[in-house]
Structure formats: structure tokens, C-alpha cells
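The block underneath contains the structure these notes are about, expressed in C-alpha cells.
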Amino acid sequence: MFSHIMVPVDLSHAAAMAPAVKAASDLAHANDARITYVGVTTAEPSSVARTPEEFGRKLAAFAEEHGDGLSVDSRAITSHDPTSDLDRKLLDAAKEMGADLVVMVTHHPNLADRIWSGHGGDIAAHADMSVLLLRS
Amino acid sequence: MTDEDESVGVPAPDGDTALIETDYNIGQDNVEGSVGPLGFDIHNPVFVISGVSVVAFVLFTLLMPETSGDLFSWLFNEVTQGFDWFFIASANIFVLFCIVLIFTPYGSVRLGGTEATPDYTYTGWFAMLFAAGMGIGLMFYGVSEPLTHFSTASSGEAYGVVYGGDELEDDAFPPGFTSREQFDEVEALTAVSPDAVNAALDDAVPADARGNFTATDARTDWSPLSGAANNSDEAVRLGMAATIFHWGLHPWAIYAVVALSLALFTYNKGLPLTIRSAFYPIFGDRVWGWPGHIIDTLAVFATLFGLATSLGLGATQANAGLFELFGIPVGNTTEVILICCITGVALVSVLRGLDGGVKLLSELNMGLAFLLLLFVLFVGPTVTLLSGFVSSLGAYAEYLPELANPFGRGDVNFRQGWTSFYWAWWISWSPFVGMFIARVSRGRTVREFIICVLLIPSLVCVFWMSVFGGTAIHQVLSDGYTAAQEADLPIQLFRMLDALPLASITSLIGIVLVIVFFVTSSDSGSLVIDTITAGGKVDAPVPQRVFWCVFEGAVAIVLLLSAGGLNSLQSMVISTGLPFTVVLLLMCYAIVRGLSSERRI
């Protein structure tokens, strides 16, 4: 049913990504699909990495760690302003790599989501492919 | 939980650089959480100190307008009179420092590592440099400053009268005088020298009261240097030179110093994008403690008040323009409504982010400004303007050493009221503009960076001033059109445009430009303050940006409404600019230390 699953991850909250990683792995096993872990970083040093290259290595390590015998890959995206660009960057990446499913964690909707929707909601609203959102 | 603990070992950015080894993890002092549904991720204590102080400041100014008004004017006088030499001398150091860097081998260090490539094209880069760096000032002072210096220079030096006798009631006059009017006339006497004032006093004052009157020691006129009395050609040259002095190399050197140090320590040294990082070579790891907290908090204050001043100027000018075009009344109500609406637009831009909001508006702005410039150039006295550009540059070169001299000058009012105010203003803008420039300058070499941040914007400013100011001065000298010269500062631009064809269209473009410049300053300022108060994180949650954007508008409104109006804004700028000048001087040293360990390409 699915051949290429994209999993956006926030390395500064790596532990909270567990549900998405688990679900994506299960689906990939069932469908014989491959997984690409995608992370967005900045050119400026961040709490995760001091350079985009360091971020790329950490993301690759994360992907490998959660390989689970599957074909996994990672892709680091550098953004000028992730606070506002994140969703667009993720959507572009999904389209570009030809993913047919996006699996990501999202928080419970609250009052603020009426003004700024969460990343998951935004992706689901705008993506061409299927999106699976997991409550963290 | 975060995986910060894994952050060991420091790899190089693109190609060779000398990353600083430090145990500090970005965000380690941050507090993450949420207020109700709104998430935050802020640096403690920088956010708390600056946030609480800003709120306290707004309340103090609103609740005690008289006290705060007195305090502001006292501050303004103390700082401009006591420290004018310090501002002028420091600004000279920054210019020389930048020029020296161009020619040293340090010029070939690349920001972001030897292999880094630029993030933005030249067009996008310049548009953002300008929109952030000069913005509303170009609109506000483009006509009014050359015109003002030209007018004061034409009148030349003047000295006034000091009355040293007993204090007088409203209608009273000292013995020997026949009326209050006679006394007022004597007190208002001016002449070109103290001797001439004394001679005039001998004639005008009755003999028994003469001892109570003396000439002032200091000049009372506002002309730059010695002025150019009765020589209008020279007055034009001096007026243009003085204007260019304030908009040319010096402000851009101030920005370049801050921007270069931030870019270097962020992209090449791997430290967080916040002002304190530039001080690592001086304070070492202590920079993550209180010395750094103080520096960052100062930077937030300087940015906030620098921005508020600009917003205040922008609101008064947009208001003046709307009155000229549509008869919308000039006053606090209109200005407050304007600030609110414009802050609203800035908010949208901030939410859309750096590429989707700020860059887009900056480019739109540059396009519009360029069209207006071309229009004035070709519809105005084109040949005079072009030759004026060349002769203004010549005049700038000729007068620069005198204008930049911090000591032993007679032009008290010009030096303190214009030059040191400007320097303080640029310096208080520098953390914001510098940080913004740093953020968009990755991938440039130091030499390319300084040439592009120092020389090209200076030339563009000179050209802008030559065209706008030149047209207005030409109208006075050749056509005898003095409506602009006689108007208040905010209206002068529109009066100048009135005398050209299609005035209603160009004035409208003028107002739109003022407003968009206002927005681009406000949104980029919010991004910068947000980053500083998030400990250098550029991906802090959205509500924080909203908080700062709204508070900038609030500070601008409160200062405009306070007893002193624009003067309160200016005194806050000057007062926060002073300590930050020291910060900038230290930065120069830190840059040299940082560059010396980098590999040159």
C-alpha cells in the first residue's frame, strides 16, 4: 500500500518521536516500504547541533539507530527561519522524495491551535499524500 | 527530554574554521513551558529582566508623565553634552577599523567556513540591509536634513545673550528699561561673535543695567562647523557634507562591526546567535553567566528603544503625509491608530517569517523606493542633481576630517544635537541591524562583507540624499520655492514632492514607503529581540515573536504620548546607546582575536 514513508523528526525532542518511529517501522515492515527520516535545522548553531553538518550526522545516526532491519535513509534540511518555514519545508521534501505517507507525532490540539495550527495539522491539511498523525 | 547530552565533539562547518571549544549547550539556560495554551522557550534571566523592565517602563511613563518627561530631558542633556566626544571618537574608530580590515589578510576569511556559499543573492541581501538599516530615516531626513543644514549654514555662526540679573516676573523688566518688550528684544539679540554681541549690548542696554548682560560663551546657532554665511554655494556643499557624514561611512561601519562579530562567532565559531557570543575571546566561559546576561539585556533595551524612536518618527511622518493628501487630522489619536495598524501588519510579516515576510516586504520596499528615486531624479533638475552628487562626495571628503573631529569645536548645537544623537541612534540600532545582517550574510568573505555593508550602502545613501535634498535645495535657490524649507521636518518631503508633477501619486507612494519601512523595521526587530531573549535560538515558539512585536508598538505609543513626545524617545535612545558604545569598542578587539585564528582562503 505504501512504498516510501517520510518521518519528520525533531531531534531536540528525540524521545518524544518514539510513537512515530514505531508506527512507521510497523507499516514499513507490513508494506515492504522504505523510510526517510527528515529533520529541519538552521545555519546558526542550535541546541541540537552547532553546524548544519553536525545536524546531518546526528540525524543519520538517529535513522541508523532506528533502522530495525529496514531500508532507512535520512535527509537534513537547512531553513532560514524554521519557526515559520518548517511546514513548507517538510511538504516540499515529501513531494520531492516522492513519499506516499507521512508519519509524525503531534500534540493535543488546544486553544492556541485555533490561531496557529500545529505542524501536524498543517501538514495534513496541505499534503498531497496520506498523513498519519500520532498523539504524543 | 533532549538529546543535548550527545552533543560532544565539535565538527567543522563547511570547510576550515576554528570552532571554539566550549561546554555550553545552546538553550541550556532556557526555560521551556507554556502559559495556558501558548508555548515558550526563553532564556532566563535575559527574557525576564528585559521583559519586566519594558513593562515597568511603559507603566512608569504612562502613570507619571511629568516626572518621566523631566527625567528624559535631563538624561538627554547630560548624555549629549557630557559624552558627545565619546560618541564621535568611537564612531571614528569603527570606520577606521573596518577600512583596515578590508586591506589586511583577515579580509579573506569566509563567514561560515572556507567552503560556505552565500544564502541570499545580492538583490535580496541589499534589500534587507537597507530596509533594516536605514528604513524610515531615509524618508524622514532625505529632504529635511540637507535642507536644514543648508539653511543653518547659510546663516552662519551666532552668539546670544545671557541675562544674569534677578529673576523676573512675566511682565516685569529690570530697572533702566522702559518696557518688557525692550528687555525681550535685548535678550534675543544675536551676532556673529561675542564681541559683536557685547557691542550690540552696549548700544541697546541702558548703562545701569549693562552689567547684568553678557554674550554667551558657546555658539547658539545650529550650523555645522563654522557655517558658510552669505555664500550659498558653500552652504549647499557644507549642508550636503554634513548630511552625508551622518548617513555615510559612520553608521554603516557601526553596523558592520556588530554584524561581522556576530556572523564570525556564530558561523565560524559555532556559538549561539546572540550578542554575548562576540565576547567569548574576552570573558571565556564566563560569558554564559552574568557578564553575558548584562550584555544581552543591554542589547534588547538598545534595540527596543532604537526601534521605538524610528516607529515614532515614522508615525509622525505618515500622519503628516496623510494630512497633506487627505486632510486626516494630525495628532496623538491618528498616530496611535497608525502605530497599531502598522504593528498589526508587522505581526503578519513576523508570522510569515524571514523569507515569506521580511524578505518579501524588503524587496517590495526597495523596488518602490528605487522608483521614487528615479522619478525625482528625472523629473527634478537631473543634470544639477547628478553633478551635485559628485560635488557632494567631494565636499564630504573635504569636510570629513573637521566633521569627525571630537575635540575643540565651536559648533556645539550641531555636534551635540545632530551628530551625537545620530551616533547614539545608530549604535542603539546596531545590535538589531547587526544581528539581522549577520543572519543573512553567511557565505561571504570578510572583505566582500565589509565592502558591501560599508561602501555600497554609503554610496546609495549619498545618492539618495543628493537627489532628495538636492531637489529641495534647488527649489529654494533657483525657483524661490520655500514651502519645504519653512515646513516642519515630517512634512518637508511632501512639500518638496508638491512642486513636482504628479504630486498626489508620488506623495501616496511616499506614505506607503514610510509605512512599509516601518513594518520591515518592526518585524526584523522582533525577530532579533526574540532570538536574543531565547538565548540565541532562532527557532523559538511563535508567541514570543508576537510578544515583542506588540511591545515595540506599545513602547513607541507610550513614549509618543509621554510629556516629552519624540524627545522622550530620543533621550532613551541616547541613554541606551551610551553603554552599548563600550560594548562595540570591545567587539572590535574580539573580532581581531576571532579572525586571527581563522584560515584565510
Side-chain angles (χ1 to χ4, degrees), chain A residues 9-18 21 39-62 64-66 76-89 91-92 106-119 122 136, chain B residues 1-4 6-7 9-14 17 19-20 22 25-28 30 34 36-39 41 112-113 116 119-120 266-267 269-273 277 350-359 438-440 442-443 527 530-531 535-546:
Chain A
V9 288
D10 177 358
L11 284 186
S12 63
H13 298 93
M17 301 298 124
V21 171
V40 176
T41 187
T42 53
E44 294 81 16
S46 70
S47 55
V48 175
R50 292 173 70 186
T51 67
E53 291 69 26
E54 186 190 3
F55 182 87
R57 277 192 290 279
K58 286 193 165 182
L59 186 65
F62 179 92
E64 201 172 323
E65 186 188 333
H66 298 95
I77 302 166
T78 306
S79 156
H80 292 141
D81 187 8
T83 303
S84 60
D85 286 347
L86 184 71
D87 300 339
R88 202 169 49 232
K89 291 277 181 194
L91 285 167
D92 288 349
T106 178
H107 62 88
H108 283 276
N110 58 28
L111 191 64
D113 285 291
R114 293 180 188 276
I115 313 167
W116 302 288
S117 72
H119 298 302
D122 209 48
S136 59
Chain B
M1 191 210 105
T2 71
D3 67 347
E4 279 163 6
E6 297 164 27
S7 189
V10 179
D14 295 342
T17 56
L19 276 184
I20 287 177
T22 169
N25 280 315
I26 296 167
Q28 71 175 28
N30 281 26
S34 59
L38 304 176
D41 182 1
D119 284 354
Y120 291 95
T266 300
Y267 295 127
K269 308 293 180 189
L271 300 184
L273 180 63
S277 294
V350 159
L351 292 177
R352 289 184 51 91
L354 191 57
D355 291 353
V358 182
K359 176 163 162 272
R439 198 163 162 187
V440 296
R442 188 176 192 266
L527 288 186
D530 179 33
T531 306
K537 277 191 171 184
V538 290
D539 54 352
V542 173
Q544 271 159 254
R545 292 184 179 185
V546 176

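In the text below, chain A, chain B and the rest are named by the order of the sequence lines, each starting its count at 1.
Here OG1 of Thr42(A) is found 8.0 Å from CZ of Arg439(B). Values are rounded to the nearest 0.5 Å. Interatomic distance, CG of Leu271(B) versus CD of Glu44(A), reported as 13.0 Å (0.5 Å rounding). Remark: Arg352(B) CZ to Asp85(A) CG distance equals 9.5 Å, nearest 0.5 Å.
With sequence neighbours left out, Arg545(B) forms a side chain to side chain donor-acceptor pair (under 3.5 Å) with Asp81(A), Thr83(A).
The two atoms that bring Gly270(B) and Pro45(A) nearest to each other are C-CG, 3.5 Å, heavy atoms only.
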